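Notes to accompany the following structure.
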Amino acid sequence: MSDENYEPATLDAKWQKRWADQKVFEVGPEPKKKKYYVLEMFPYPSGTIHMGHVRNYSIGDVIARYKKAQGYDVLHPMGWDAFGLPAENAAIKNKTHPATWTYKNIEYMRKQFVQMGCLFDWRRELATCTPEYYRWEQLFFIKMLEKGLAYRKLSTVNWCESCNTVLANEQVEDGKCWRCESETTTKELTQWFFKVTEYAEELLSGLEDLKGWPERVVSQQRHWIGKSFGAEAEFVVAEGPMAGTKIAIFTTRPDTIFGVTFVSLAPEHPLTLQLAKAGGREKEVEAFVEKVRKIDKIKRTDANFVKEGVPLGVKVKNPMNGEEVPLYTANFVLTDYGTGAVMAVPAHDERDHAFALKYQLPIREVIVPKISQHDHFAEQLTGDVNEKAFTELGVLTNSDRFSGVESEKAQREIAAYLSQKKLGGPRTQYKLRDWGVSRQRYWGAPIPIIHCNSCGAVPVPEKDLPVTLPEDVEFTGEGASPLAKSAKFLKAPCPKCGKEGVRDTDTMDTFVESSWYYVRFASLKRDVPFDAEEVSKWLPLDQYIGGVEHATMHCLYFRFFHRVLQDLGFLPKSVGREPAKNLLNQGIVYKDGAKMSKSKGNVVDPNSLIAKFGADTTRMFSLFAAPPEKTLEWSDQGVEGSFRFLGRVWRLIQPLAAELKGVPGYSGTHREIVTPEIKKLRAKAHLTIKKVTEDIDRDFHFNAAIASIMELVNEAYGVPKEKLHDVSARSVLRETCEIILRLLNPFAPHTTEELWERIGGAGLLVDQPWLSFDPHAVEAETLTIVVQVNGKLRANLFVAPGTDQKELERLASSDAKVQNFIAGKTVVKTIVVPGKLVNFVVRD
RNA sequence: GCCGAUGUGGUGAAAUUGGCAGACACGCUAGGCUUAGGACCUAGUGCUGAAAAGCGUGGGGGUUCGAGUCCCUCCAUCGGCACCA
């Protein structure tokens with residue numbers, strides 16, 4: 001009879017339908033009980049789900065089901081990060097519209113998530129590519145503009161001359177265009193930026209509160225923000241037509257300022273060309289700047305990039321000693337960091353050292369190692385700065401009245417001096433840069449701006465939102481953004497003066513959409529960005545789950561956006577400054593020692609797994625093979641193992657189902673059970689409740705939790721059939737089966753629902769509360785005491801709980817095995833850990 | 001180079017606070033059941049050793065009655081960032 005066999009395919013369909021019909025995971029606008037908001041980072045609708053998705057959403061679904069059982073109102077929504085480059089590439093390739101491709105993928109992937117048994121509140125589903133979503137983003141943009149949090153400036157992009165188009169970093173392969181394979185170059189464009197730097201300090205200090213975030217993510221963000229202390233100093237042009245021009249430099253080592261032998265400007269620095277003209281070196285410098293510009297961004301930031309530069313023919317004055325040093329432009333100086341100009345101290349900086357050697361510039365030692373009197377290796381510490389830069393802190397020398405002062409002190413004093421002389425002063429510097437959000441693409445949220453010849457960049461009025469994407473567009477991959485080719489889209493009257501203007505043809509970075517979707521999910525009202533009441537009930541996220549690759553970019557941007565939304569008044573203050581209390585970064589899925597990826601050809605298709613083994617096996621394997629945060633090594637045999645286990649559960653409970661149907665769970669006291677095997681089974685069952693609950697509560701150690709359920713199942717298999725005849729034995733068996741099913745349900749929901757129904761369980765198992773354990777059942781009747789001699793295990797004692805120390809010592813020392821090791825020796829010390837261990841320390 | 005993480009059987013991994021290392025599973029071995037089985041059930045399985053016993057958590061050192069766990073040091077692997085002045 002097929003009804004008796006374990007057939008996952010039929011079960012999957014049956015229960016998925018029941019859950020959907022009963023709207024198991026729909027929660028109202030307000031939680032009635034304590035709330036729990038769990039969210040997996042929403043997927044990009046790339047076509048089909050992969051094993052990384054399976055892992056990510058299995059983890060989330062288990063947490064959602066577990067917390068629901070624990071009595072929370074659980075918000076567990078799902079949506080689609082639907083804008084992005086792949087859709088546009090697919091459109092170019094297949095001559096279709098990105099929307100067609102995207103919506104088709106969403107349809108398919110939604111079905112796949114359902115087939116995995118993942119439960120979401122589908123009423124809250126959203127796709128970021130719909131106007132009803134991105135209209136609010138356009139509103140945020142306008143408000144940010146008003147607050148000065150969005151602004152325009154020149155920025156460099158990758159450019160393909162032959163396609164006449166902008167390229168994303170990922171469209172540049174080895175310095176060549178992905179489509180036509182011609183060499184790429186760079187181009188300066190005016191682009192929109194979000195002022196993340198305004199929040200640098202807060203984003204940094206906020207990290208302190210993220211106790212529930214992995215340490216490595218916190219540390220990566222700290223480095224990304226990159227706060228450093230130093231000084232700004234003004235070097236003034238000494239002579240020529242531009243004499244008196246101030247050049248501000250930033251340095252983290254003001255203590256080395258007396259060692260400056262030249263100053264370098266970034267090639268893109270606004271003064272570079274002007275000063276070169278003044279110095280009569282226009283031609284050389286122009287050629288150099290042009291050369292640097294030709295090299296694409298990726299290559300230029302390569303570590304092995306050769307350090308080069310040219311003199312501008314101008315001298316600048318050191319603010320500390322008035323010394324005149326030559327001014328250079330150098331390719332390793334970055335325009336985006338600090339002031340775009342650096343003072344060069346070859347003796348104490350490796351890059352400057354290399355540069356000085358190449359162009360035969362002087363090297364002047366101004367820092368010597370701090371030598372303590374007891375340091376016999378002092379001579380070895382003092383290297384020759386002509387050979388190698390000495391980059392550590394030390395004591396100043398050749399530094400006028402600062403000679404002999406220690407570096408740290410000198411840094412403060414020199415900065416203070418600069419500040420007093422109004423030639424600079426102490427500065428705090430961040431590596432964090434403002435977020436460039438303009439993308440020269442079609443498939444994104446249009447930037448709601450109209451450019452007018454007389455009024456400039458004018459925001460689209462709120463009542464005219466959304467600015468929707470035009471449909472009459474062809475996708476060729478060449479030329480300007482498709483938005484610029486749509487006449488209907490492009491032309492619009494200026495909202496200020498009414499004259500004909502031109503719309504901004506850029507769209508926003510897709511990271512903008514993913515910076516606020518978690519807020520949108522929390523609001524069922526859709527005619528406002530979000531309903532303050534609803535949102536304040538659900539936020540912040542109790543648990544956020546996603547790949548570690550988002551540790552900096554996404555996880556920083558959404559922390560930024562959360563604050564911005566609050567400061568713009570869209571989000572109530574009551575939800576707190578941080579969007580997510582806890583973050584879980586799940587590990588990558590590996591196969592054959594490499595990350596699963598299409599290009600490596602080592603992918604496993606979840607579809608075929610679900611078809612062959614069912615959703616539960618697929619979920620179980622991805623949760624059992626490794627703890628969530630670790631790399632998951634794929635193993636076909638491991639999948640078989642999970643399937644075998646579920647079959648074992650089936651074969652344990654299914655044959656008993658009819659018999660157990662009318663039987664109540666055990667209700668007597670634990671002590672009353674007379675059959676030792678049955679007593680042991682019940683003890684194990686309750687111990688398992690304890691263990692599984694603790695394992696899940698402790699960083700979601702699902703693998704350990706599943707292992708203990710396996711132990712319980714093994715224990716149940718071991719009970720001899722003939723012991724099950726009396727009434728209380730059957731009640732314990734019933735109770736045990738219920739425990740197995742309830743504990744296993746979050747991991748293998750379909751199989752357990754079916755068995756629950758078959759043993760006559762009431763309602764849906766997913767709606768049943770989590771179990772608490774009977775403390776009497778968990779209490780051990782005999783304790784195992786470890787007996788050690790000199791820390792080595794020699795015997796086990798089995799004693800009643802509460803046996804006193806003296807008695808333990810007596811029993812332990814009289815044990816025959818222990819006697820072998822202590823007889824004829826002196827017991828120096830005896831350590832007794834009550835309930836655990838006795839250790840004899842002996843000497844010959 | 002910097003930052004972070006991880007090193008435990010043939011394999012994936014367990015081990016809340018320092019207290020029986022290797023739970024659970026895969027694989028392997030043997031047996032049972034079976035016409036057959038890559039199904040299922042049972043038992044065994046860290047290494048050396050006939051045994052007694054000894055050795056075992058990347059290497060070395062330390063603290064401790066006792067260390068996978070704490071401290072120092074070195075090595076390896078992985079991930080992220082990388083001309084940041």
Side-chain angles (χ1 to χ4, degrees), chain A residues 214-220 222-224 226 228 230 249-254 256 263-264 266 300-307 330-334 336-345 348-352 354-355 429-433 548-549 551-552 585 587-588 590 593 595 621 624-627 629-642 644-645 647-648 651 691 694-695 697-699 701 703-711 713-714 717-718 784-796 820 828-833 835-842:
Chain A
E215 183 48 44
R216 59 179 165 170
V217 175
V218 170
S219 131
Q220 271 183 49
R222 193 169 285 131
H223 283 271
W224 190 269
S228 60
I249 61 97
F250 173 74
T251 179
T252 51
R253 291 293 304 274
T256 65
V263 168
S264 304
R300 199 175 150 193
T301 49
D302 192 302
N304 302 320
F305 199 63
V306 188
K307 287 160 190 49
N331 62 359
F332 64 89
V333 182
L334 304 174
D336 306 322
Y337 184 74
T339 57
V342 298
M343 65 179 207
V345 186
H348 305 293
D349 181 279
E350 276 163 20
R351 289 154 304 174
D352 296 340
F355 198 84
Q429 183 66 40
Y430 300 91
K431 282 188 202 175
L432 185 70
R433 294 174 217 165
V548 72
E549 65 274 17
T552 40
N585 280 134
I588 296 162
Y590 267 59
K595 184 182 171 174
F621 172 72
F624 178 63
E629 71 280 2
K630 275 190 80 171
T631 299
L632 175 75
E633 182 70 38
W634 186 262
S635 149
D636 288 328
Q637 282 155 341
V639 179
E640 296 265 1
S642 290
R644 210 180 298 171
F645 168 67
R648 233 167 113 72
R651 287 186 299 277
K691 181 77 169 36
E694 284 169 357
D695 281 335
D697 287 342
R698 183 169 47 100
D699 293 331
H701 280 195
N703 55 332
I706 293 170
S708 12
I709 301 171
M710 286 173 169
E711 281 184 61
V713 171
N714 290 345
Y717 263 89
T784 309
I785 305 291
V786 172
V787 186
Q788 300 179 331
V789 178
N790 285 345
K792 286 209 166 70
L793 173 73
R794 293 305 176 190
N796 284 310
N820 280 341
V828 185
K829 200 173 176 185
T830 306
I831 289 121
V832 180
V833 182
K836 266 189 182 162
L837 138 161
V838 180
N839 186 16
F840 297 106
V841 185
V842 301

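If you're wondering where the values come from, they're calculated on a predicted model, not measured in any experiment. All chains are named by letter (A, B, ...) in the order of the sequence lines, taking the proteins before the strands, and each is independently numbered beginning at 1.
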Smallest heavy-atom separation, A:Thr252 atom then A:Ser228 atom, equals CG2-OG, 3.9 Å

Closest of B:G27, B:C84, B:G19 to the A:Gln637 side chain is B:G27

Let's go through A:Phe645 and A:Phe624 carefully: what are the C-alpha distance in whole Å and the side-chain angles of both, what is the deciding distance for side-chain contact (heavy atoms from CB on, under 4.5 Å) to 0.1 Å, and is it a yes or a no? CA-CA 11 Å; A:Phe645 168 67; A:Phe624 178 63; over 6 Å; no

Within the structure shown, what part of the strands sits under 4.0 Å from A:Ser635 by heavy-atom distance: base, sugar-phosphate, or nothing? nothing

Separation of B:A85 atom P from A:Tyr430 atom OH, nearest Å, is 14 Å

Rounded to the nearest 0.5 Å, the CG atom of A:Asn839 sits from the OG1 atom of A:Thr830 at a distance of 8.5 Å

**Prompt:** Is there a side-chain polar atom (N or O) of A:Arg351 under 4.0 Å from OP1 or OP2 of B:A82?
**Reply:** no

Of A:Met710 and A:Thr252, the one whose nearest nucleotide on RNA chain B sits closer to the 5' end is A:Met710

Atom CD of A:Glu640 and atom P of B:A25 are separated, to the nearest Å, by 16 Å

In this structure, OH of A:Tyr717 is separated from CZ of A:Arg648 (nearest 0.5 Å) by 5.0 Å

* With side chains defined as the heavy atoms from C-beta onward, is the minimum distance between A:Val786 and A:Asn796 less than 4.5 Å? -> yes

Closest to the side chain of A:Glu711, out of B:U17, B:C24, B:C20, is B:C24

Quote, to the nearest angstrom, the C1' distance that separates B:G46 from B:U29.
16 Å

Which atoms of nucleotides 12-15 of chain B (N or O only) lie under 3.5 Å from a protein N or O atom, and what are those distances?
from  : atom 1 : to       : atom 2 : distance (Å)
B:G12 : O2'    : A:Ala625 : O      : 2.6
B:A13 : O3'    : A:Asn703 : ND2    : 3.3
B:A14 : OP1    : A:Asn703 : ND2    : 2.9
B:A14 : O5'    : A:Asn703 : ND2    : 3.4
B:A15 : OP1    : A:Arg698 : NH2    : 3.2

- prompt: Given the P atoms of B:C3 and B:U48, what is the spacing between them in whole Å?
  reply: 42 Å

Between A:Gln220 and A:Met343, whichever has its closest RNA chain B nucleotide further toward 5' is A:Gln220

Separation of B:A53 atom C1' from A:Asn820 atom CG, nearest Å, is 11 Å

Of B:A23, B:C26, B:C83, the nucleotide closest to the side chain of A:Lys307 is B:C83

dist A:Lys307:NZ -> A:Phe355:CZ (nearest 0.5 Å) comes out at 10.5 Å

A:Asn790 atom CG is separated from B:C55 atom C1', nearest whole Å, by 17 Å

Are any non-hydrogen side-chain atoms of A:Gln788 and A:Asn790 less than 4.5 angstrom apart?
no

Rounded to the nearest 0.5 angstrom, the OG1-CE distance for A:Thr251 and A:Met343 is 3.5 Å

B:A15 to B:C70 separation - P atoms, rounded to the nearest Å:
14 Å

Relative to its sugar, using the 90° cut-off around 0, the base of B:G9 is syn

Listed range with range, the stems formed with RNA chain B by at least 3 consecutive Watson-Crick or G-U pairs (under 3.5 Å) are B:1-7 with B:75-81, B:10-12 with B:24-26, B:27-32 with B:40-45, B:46-48 with B:53-55, B:58-62 with B:70-74

Inter-nucleotide P distance (B:G27, B:G4), Å rounded: 40 Å

In whole angstroms, the gap separating P of B:U16 from CG of A:Asp699 amounts to 12 Å

For A:Ser708 and A:Lys691, the nearest pair of non-hydrogen atoms, with its separation, is OG-CG, 3.4 Å

Atom C1', compared across B:A14 and B:A23: separation rounded to whole Å: 5 Å

Closest of B:A85, B:G19, B:G4 to the A:Arg216 side chain is B:G4

Separation of B:A25 atom P from A:Phe621 atom CZ, nearest Å, is 15 Å

So for A:Gln788 and B:G19, does any side-chain atom that can act as donor or acceptor lie under 3.5 Å from a complementary atom in the base? yes

TODO: Take A:Arg253 and A:Asp349, measure what side-chain contact (heavy atoms from CB on, under 4.5 Å) needs, and give me the verdict at the end.
DONE: CA-CA 10 Å; A:Arg253 291 293 304 274; A:Asp349 181 279; over 6 Å; no

Against the side chain of A:His223, the closest entry in B:G79, B:A85, B:C3 is B:C3

For A:Thr256 and A:His348 the tightest heavy-atom approach is CG2-CB, 4.2 Å

In whole angstroms, the gap separating P of B:C20 from CG of A:Leu793 amounts to 9 Å

Using the C1' atom on both, measure B:C33 against B:U42 and round to a whole Å. 11 Å

Of all heavy-atom pairs linking A:Gln429 and A:Gly338, the shortest is NE2-N, 3.3 Å

Heavy-atom nearest pair, A:Val789 first then A:Arg794, reads CG2-CG, 3.7 Å

Quick note, A:Thr251 side chain, CB onward, closest among B:G19, B:C84, B:A85 is B:A85

In whole angstroms, the gap separating P of B:G19 from CG of A:Leu837 amounts to 10 Å

What one should report as the nearest heavy-atom pair of A:Lys431 and A:Trp224 is CB-O, 3.8 Å

Subject >> Rounded P spacing from B:G68 to B:G61 in Å >> reply: 15 Å

Discussion item. Using a heavy-atom cut-off of 4.0 Å across all strands, would you classify A:Arg433 as base, sugar-phosphate, or nothing?
Written reply: base

(Q) With a 3.5 Å cut-off and heavy atoms only, can you find an N or O donor on one side and an acceptor on the other between the side chain of A:Lys829 and the base of B:C65? (A) no

Contacts under 3.5 Å, N or O only, protein and nucleotides 40-46 of chain B:
from  : atom 1 : to       : atom 2 : distance (Å)
B:C41 : OP1    : A:Arg648 : NH1    : 3.0

Exercise. Taking atom P in both B:U73 and B:A5, what distance in whole Å separates the two?
Worked result: 15 Å

